[in-house]
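Remember, predicted model here, so these are calculated numbers, not experimental data.
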Amino acid sequence: ILAGELNEPGSFSKHSMSVLADMSKTDAELFEVFCSLCAGGIDALGIEQPTIPCIFLDEAGTTYNEGSLSYEAVSILAAHGLVQTKSNTVFDQSSGIILCIGGESYRLKEAANESLAIGDATLTVFGQELSRLCKIGSHPNLMKSATAHFLKQGFSLVPSTEFIVGCRSTVGG
């Protein structure tokens, strides 16, 4: 980050740099796991898709994405001002949103419902900024948990191979 700031001043806000300085190594690792459970990246056409947390609270309410992340971990990230809990991203099915997961592009298959609520947490402005340092969408269980969550709302994900070949992380991943 410091090298990036020297080469391109202002690429990270002072607040984000302060948050990062206050985080322990464990907190930073939790944030990496959180970001790996987000959809996003740059598609094959070079269009940056938004970073969308696909963080789904499990039925017991103590973990997210089938135990991939604890409730406590997300609370720690919220205390750092990186995420907001009890908040989700809602998309209209006609929005044409592309979700990049595991290097592949997916679109929402039309369903009876008009909108889809994604996730039980969102990234704050500072979380979005620092997420650029992480490998978005790389968690091995992301596709499974996202698919199950979307099906509960009447949606499915279909590969968008007719539009986009794949996605790549914004961080060389």
Side-chain angles (χ1 to χ4, degrees), residues 27-44 47-78 80-111 113-161 163-164 166-171 173:
D27 295 346
E29 290 169 344
L30 293 175
F31 187 63
E32 283 183 316
V33 172
F34 185 95
C35 290
S36 74
L37 290 165
C38 294
I42 299 174
D43 65 30
I47 299 168
E48 186 169 354
Q49 298 298 325
T51 301
I52 304 166
C54 295
I55 308 295
F56 312 112
L57 193 59
D58 296 330
E59 286 185 33
T62 57
T63 60
Y64 292 86
N65 296 57
E66 301 173 359
S68 299
L69 200 58
S70 71
Y71 185 84
E72 178 185 12
V74 175
S75 296
I76 289 168
L77 297 175
H80 280 296
L82 298 172
V83 303
Q84 183 176 0
T85 58
K86 298 179 183 168
S87 173
N88 59 29
T89 306
V90 178
F91 289 100
D92 183 295
Q93 74 171 334
S94 65
S95 67
I97 189 71
I98 300 291
L99 297 174
C100 298
I101 299 174
E104 298 296 325
S105 301
Y106 299 91
R107 62 180 173 78
L108 297 175
K109 184 175 180 183
E110 293 183 14
N113 295 332
E114 291 186 24
S115 62
L116 170 69
I118 300 179
D120 291 319
T122 55
L123 287 164
T124 64
V125 171
F126 307 111
Q128 283 279 352
E129 192 172 296
L130 291 176
S131 74
R132 298 188 329 232
L133 302 170
C134 302
K135 291 185 178 180
I136 304 296
S138 61
H139 197 281
N141 294 333
L142 176 57
M143 188 63 185
K144 178 182 174 189
S145 60
T147 300
H149 182 77
F150 297 161
L151 281 174
K152 287 179 187 175
Q153 295 185 63
F155 284 86
S156 61
L157 291 175
V158 293
S160 60
T161 52
F163 302 111
I164 300 172
C167 294
R168 61 182 168 85
S169 173
T170 54
V171 181

Closest approach of Thr85 to Ala78 (non-hydrogen atoms, all atoms of both residues): CG2-CB, 4.4 Å
Euclidean distance, Ile136 CD1 relative to Glu48 CD, rounded to 0.5 Å: 9.5 Å
Side chain to side chain donor-acceptor pair (under 3.5 Å) assessment of His80 paired with Asp27: CA-CA 9 Å; His80 280 296; Asp27 295 346; 2.8 Å; yes
Heavy-atom side-chain contact between Asp58 and Tyr71 under 4.5 Å: no
Ring geometry between Phe56 and His149 (parallel below 30°, tilted from 30 to 60°, perpendicular above 60°): parallel
Criterion side-chain contact (heavy atoms from CB on, under 4.5 Å) on Thr147 and Met143, from CA distance to verdict: CA-CA 6 Å; Thr147 300; Met143 188 63 185; 3.7 Å; yes
Candidate pair Leu142 and Cys54, rule side-chain contact (heavy atoms from CB on, under 4.5 Å), full reasoning: CA-CA 8 Å; Leu142 176 57; Cys54 295; 3.6 Å; yes
Pair Thr124-Val83, side-chain contact (heavy atoms from CB on, under 4.5 Å): steps then yes or no: CA-CA 5 Å; Thr124 64; Val83 303; 5.6 Å; no
For the student: nearest non-hydrogen atoms of Ile118 and Pro53, plus distance: CG2-O, 3.5 Å
Nearest heavy atoms of Val33 and Ser68, plus distance in Å: CG1-O, 3.7 Å
Donor-acceptor contact below 3.5 Å, side chain Glu104 vs main chain Pro159: no
Interatomic spacing from CG in Leu77 to CD in Gln84 - rounded to 0.5 Å: 13.5 Å
Gap between atom CZ of Phe31 and atom CG of Leu82 - 0.5 Å precision: 5.0 Å
From Leu123 atom CG to Cys35 atom SG, the distance as rounded to the nearest 0.5 Å: 6.0 Å
Side-chain donor or acceptor of Gln128 paired with backbone N/O of Thr51 under 3.5 Å: yes
Heavy-atom closest contact (Ala117 atom, Gln153 atom, distance): O-NE2, 2.7 Å
Spacing of CD1 belonging to Ile52 relative to SG belonging to Cys100, to within rounding of 0.5 Å: 9.0 Å
Euclidean distance, Ser156 OG relative to Phe150 CZ, rounded to 0.5 Å: 10.5 Å
Lys/Arg-Asp/Glu bridge criterion (N-O < 4.0 Å) met for Lys135, Glu32: no
Closest approach of Ile101 to Tyr106 (non-hydrogen atoms, all atoms of both residues): O-CE1, 3.8 Å
Ser145 backbone acceptor or donor facing Asn65 side chain under 3.5 Å: no
Derivation and outcome, side-chain contact (heavy atoms from CB on, under 4.5 Å), residues Leu99 and Gln49: CA-CA 7 Å; Leu99 297 174; Gln49 298 298 325; over 6 Å; no
Short side-chain to backbone donor-acceptor contact, Asp120 and Leu57, under 3.5 Å: yes
Residues, nucleotides or ligands: over 12 heavy atoms within 6.0 Å of Glu72 CD: no
